[in-house]
Structure formats: structure tokens, C-alpha cells
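Worksheet: the structure to be examined is printed underneath.
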Amino acid sequence: MQVALLTVGDELLAGDTENTNASWLARRLTARGVTVARILVVPDDESLISETLREWSRGFDAVVVTGGLGGTHDDVTMAAVADAFDRSLVVEDEVREAVERTARAYREANPEIAERYEMDLDVEAWAEVPEGARALINPAGLSPGCVCENVYVLPGVPEEMRATFDLVAGEFGGDASSVTLRTPAPESALAPHVERVRERFDVVVGSYPRTGGDDNRVKVTGTDRATVTEAAAWLRERADVVVDGGTDEGAALDPSE
Ligand code: ATP
């Protein structure tokens, strides 16, 4: 399964916010055997988001979008998704009730803030999803996500994004697996082995030079697990300095990451 990730937000482009959603999703999807084919950051620009989604929904098995949800002026993602599929935005009862429930719970939990500030929430604006889309009630916040055709729309707040992704994680899967090898040998000494393993086996090989005090890493990835294992073994035999870093596929991930 080939998946593309679109992260929306001016603050990501300015470097004000680190794009942790993209790396978290990429790790999660890769661990499920998915091939993450693209990661792109775009500004809060409705027509650019819409154009990208139109193209990517045809080019990939699924697209995951994060950020730009909710009822404030720079939240344009839902409108862009609706536009990409020529749909209008609608408010379903279940979603409206969830937004009202979350807003009420917030006011009850924060009575001082609720008293001090005018919190006139435009519930309809927060609850809108494209017509015919499957709404994803946000388990950790206000803005619902949705699934519209093969586009998965998730909130931008990392905690909310993770909780909403978990509702649909089971819909992502694939055959990609990998083995990472570690070695103190310099990249130049590894290069001939890497070249030959790529010729012999149907795998992708990444060679990543050390950062800090770490060893260099060679990562063998493919969609047939036996071929990946064989290619890694072949490499391990030839480049005798290589130490096995283990199989990455299905690696346990810390849910709090
Ligand atoms: P919500 O409607 O749930 O409040 P949202 O979908 O409107 O969220 P944004 O307004 O884009 O999301 O961002 C909300 C917060 O989440 C901001 O603090 C933003 O910096 C952070 N955020 C957004 N996108 C990302 C990302 N890709 N990685 C990490 N943090 C992000």
C-alpha cells in the first residue's frame, strides 16, 4: 500500500512548529508494512491543498492530511477536501453533538477561563465534514476528522492527531519490510557491496552515514520478506564488518512517542 502524507500549516513552513506529525505517521505506517511515498508541507492555502489532494488521491492508495481543521479563519482543510471531491460541507447530528459535548466538558473543567473569556463557539463551523464522508469523532479534542474517499483527514494537534489516527490505523497495511545493518566501516568501503546487492535482489538499499558517535547504517527494504532477509544475509556475509541491527518490520513502537 502506497500512502502520501500532507501536513498543513504556515507555522510548519516558518519552522515555528516541528513537523512531528509527519515523522510519527511515517513511523506508524511503515511499521504496518505501508510504503510512505510522499511527505509534503503546504501553507494554509485552500486551493493548493485541494489541487494536491485531487492529484494524490488518484496517484496513491491513500492520503493522510493533518492540520488546518476547526472553525478559525486559517482552518481551510475541510473546505479544501470538499472542493477536491466536488462536495459540499455538511453537519451531521452525531458530529455536532460530539463538538458540543467536548466544548461543554472544557467549560466545566475550566470554569475560570469560561467566565473570563467570551467563548462563542460556532459549533456548525467546527462540526462540518464533506457530504458523504465518514466522520471521525476526535477522541482528544474538538475538531472532528473524516475519511473522504481515500483521503484521511486528521487534526493538527499532535495528541489529537494520534488519537484520531488510532481509530483508522487498522485500515492501513502492506507488505513492505526491512532489515537494518550497522557498521563502523566507512561508506566508501561499503559502496561496492551495496551496489552488488541491489543488482542481485529486488530490494531498495539505503546507506546512511553516522551522525554523532553512531555506526553507519545500511537499510534493506522490499515488499517480499524472504528476499529482504536473503539480501541482508548476502550483505552481512560480504561486508564482514556489518553487525545485524534486526528486522524493522512490525517493530514495537512506544505508543507515547
Ligand atoms: P484543532 O482544530 O484540533 O485545534 P487544527 O487541525 O486546526 O487543530 P492547527 O490549527 O493546524 O490544527 O494546529 C494546531 C496545533 O497543532 C498548533 O500548535 C500546531 O503548531 C500544531 N501542529 C499542527 N500541525 C502539526 C504538525 N504537522 N506537527 C506537529 N504539530 C503540529
Side-chain angles (χ1 to χ4, degrees), residues 3-30 36 38-50 52-53 56 62-84 89 91-92 95-107 109-110 113-114 117 119-130 133 135-148 151-169 253-257:
V3 174
L5 304 181
L6 184 64
T7 48
V8 177
D10 293 348
E11 77 280 17
L12 299 168
L13 290 167
D16 293 337
T17 298
E18 206 173 315
N19 195 356
T20 57
N21 285 354
S23 25
W24 188 89
L25 282 167
R27 273 199 303 276
R28 280 288 147 132
L29 291 165
T30 302
V36 177
R38 299 281 186 285
I39 297 180
L40 181 68
V41 184
V42 291
D44 302 292
D45 176 331
E46 189 177 326
S47 50
L48 179 58
I49 299 167
S50 167
T52 308
L53 291 178
W56 281 11
V63 181
V64 182
V65 193
T66 82
L69 304 189
T72 50
H73 74 280
D74 59 350
D75 294 326
V76 296
T77 299
M78 272 306 175
V81 177
D83 182 62
L89 288 167
V91 177
E92 294 168 18
V95 184
R96 182 195 291 110
E97 283 158 22
V99 170
E100 280 167 351
R101 212 169 34 243
T102 308
R104 202 165 42 244
Y106 179 84
R107 280 193 215 99
N110 302 277
I113 295 180
Y117 298 100
M119 289 199 296
D120 200 9
L121 188 73
D122 182 353
V123 173
E124 301 280 309
W126 285 79
E128 282 176 335
V129 296
L136 301 173
I137 303 295
N138 185 334
L142 207 56
S143 299
C146 75
V147 185
C148 192
V151 173
Y152 290 73
V153 185
L154 307 177
V157 177
E159 188 199 352
E160 299 179 22
M161 184 279 298
R162 294 193 295 255
T164 310
F165 175 75
D166 284 344
L167 302 176
V168 292
L253 289 170
D254 179 354
S256 65
E257 262 188 344

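Treat the numbers as computed from the prediction; the structure is a model and nothing was measured. Just so you know, these numbers use all the heavy atoms, side chains as well, and skip hydrogens, waters and symmetry mates. Whatever order the structure lists them in is the order used to number ligands and atoms, beginning at 1.
- Nearest protein heavy-atom contact of atom 2 (O) of ligand 1 is S143 OG, 2.5 Å.
- With contacts defined as side-chain heavy-atom distances shorter than 4.5 Å, the pair V153/C148 does not qualify.
- Remark: side-chain polar atoms of T102 are not paired, donor with acceptor, to backbone N or O of L142 under 3.5 angstrom.
- By the criterion of a heavy-atom distance under 4.0 Å, the side chain of D75, and not its backbone, is placed next to ligand 1.
- Under the 4.0 angstrom criterion for non-hydrogen atoms, A22 is not in contact with ligand 1.
- Looking only at heavy atoms of the protein, atom 4 (O) of ligand 1 is closest to V157 CG2, 3.8 Å.
- Annotation: salt bridge (Lys or Arg N to Asp or Glu O under 4.0 Å) contacts of D75 (sequence neighbours excluded): none.
- Atom 13 (O) of ligand 1 has its closest protein heavy atom at E11 OE2, 3.9 Å.
- Nearest protein heavy-atom neighbour of atom 26 (C) of ligand 1: N21 ND2, 3.2 Å.
- For ligand 1 and P155, the ligand atoms under 4.0 Å from any heavy atom of the residue are 3 (O), 6 (O).
- Each of V42, T66, V8, L53 was checked for a side chain to side chain contact (heavy atoms under 4.5 Å, CB included) with T77, and the lone residue meeting it is V8.
- Of all the heavy atoms of M161, none lies under 4.0 Å from any atom of ligand 1, so neither backbone nor side chain is involved.
- Side-chain contact between W24 and M161: present, with at least one pair of heavy atoms (C-beta onward) separated by less than 4.5 Å.
- By the 4.5 Å heavy-atom criterion applied to side chains, E128 and P144 are not counted as neighbours.
- With ligand atoms numbered from 1 in the order given, ligand 1 contributes 28 (N), 29 (C) to contacts under 4.0 Å with heavy atoms of T20.
- When hydrogens are left out, the protein atom nearest atom 20 (O) of ligand 1 is T17 OG1, 2.8 Å; that is the closest non-hydrogen contact.
- At a 4.0 Å cut-off, not a single heavy atom of G9 sits close enough to ligand 1 to count as contact.
- For T52 (side chain) and L48 (main-chain N/O), a donor-acceptor pair under 3.5 Å exists by modelled atom type.
- Closest to atom 8 (O) of ligand 1 by heavy atom, among G156, P158, G68, S23, is G156.
- Counting protein heavy atoms under 4.0 angstrom from atom 18 (O) of ligand 1 gives zero.
- Taking every heavy atom of E18 and a limit of under 4.0 angstrom, the matching atoms of ligand 1 come to 28 (N), 29 (C).
- With a heavy-atom cut-off of 4.0 Å, L12 touches ligand 1 through its side chain alone.
- If you look at N19 next to ligand 1, the close heavy atoms, those under 4.0 Å, come from the backbone and the side chain alike.
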Exercise for the section: Starting from the C-alpha separation in whole Å, work towards a yes-or-no answer on side chain to side chain contact (heavy atoms under 4.5 Å, CB included) for R28 and D166. Expected result: CA-CA 10 Å; R28 280 288 147 132; D166 284 344; 4.2 Å; yes

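- Among protein heavy atoms, atom 3 (O) of ligand 1 sits closest to E160 OE1, 2.7 Å.
- Without hydrogens or angle criteria, D83 side chain to A79 main chain gives no donor-acceptor distance under 3.5 Å.
- Closest to atom 7 (O) of ligand 1 among all protein heavy atoms lies L69 O, 2.4 Å.
- To the nearest 0.5 Å, atoms CD1 (I137) and CD (E92) are separated by 8.0 Å.
- Every pair passing side chain to side chain donor-acceptor pair (under 3.5 Å) that includes a residue from residues 10-19 is listed here, sequence neighbours excluded: T7-N19.
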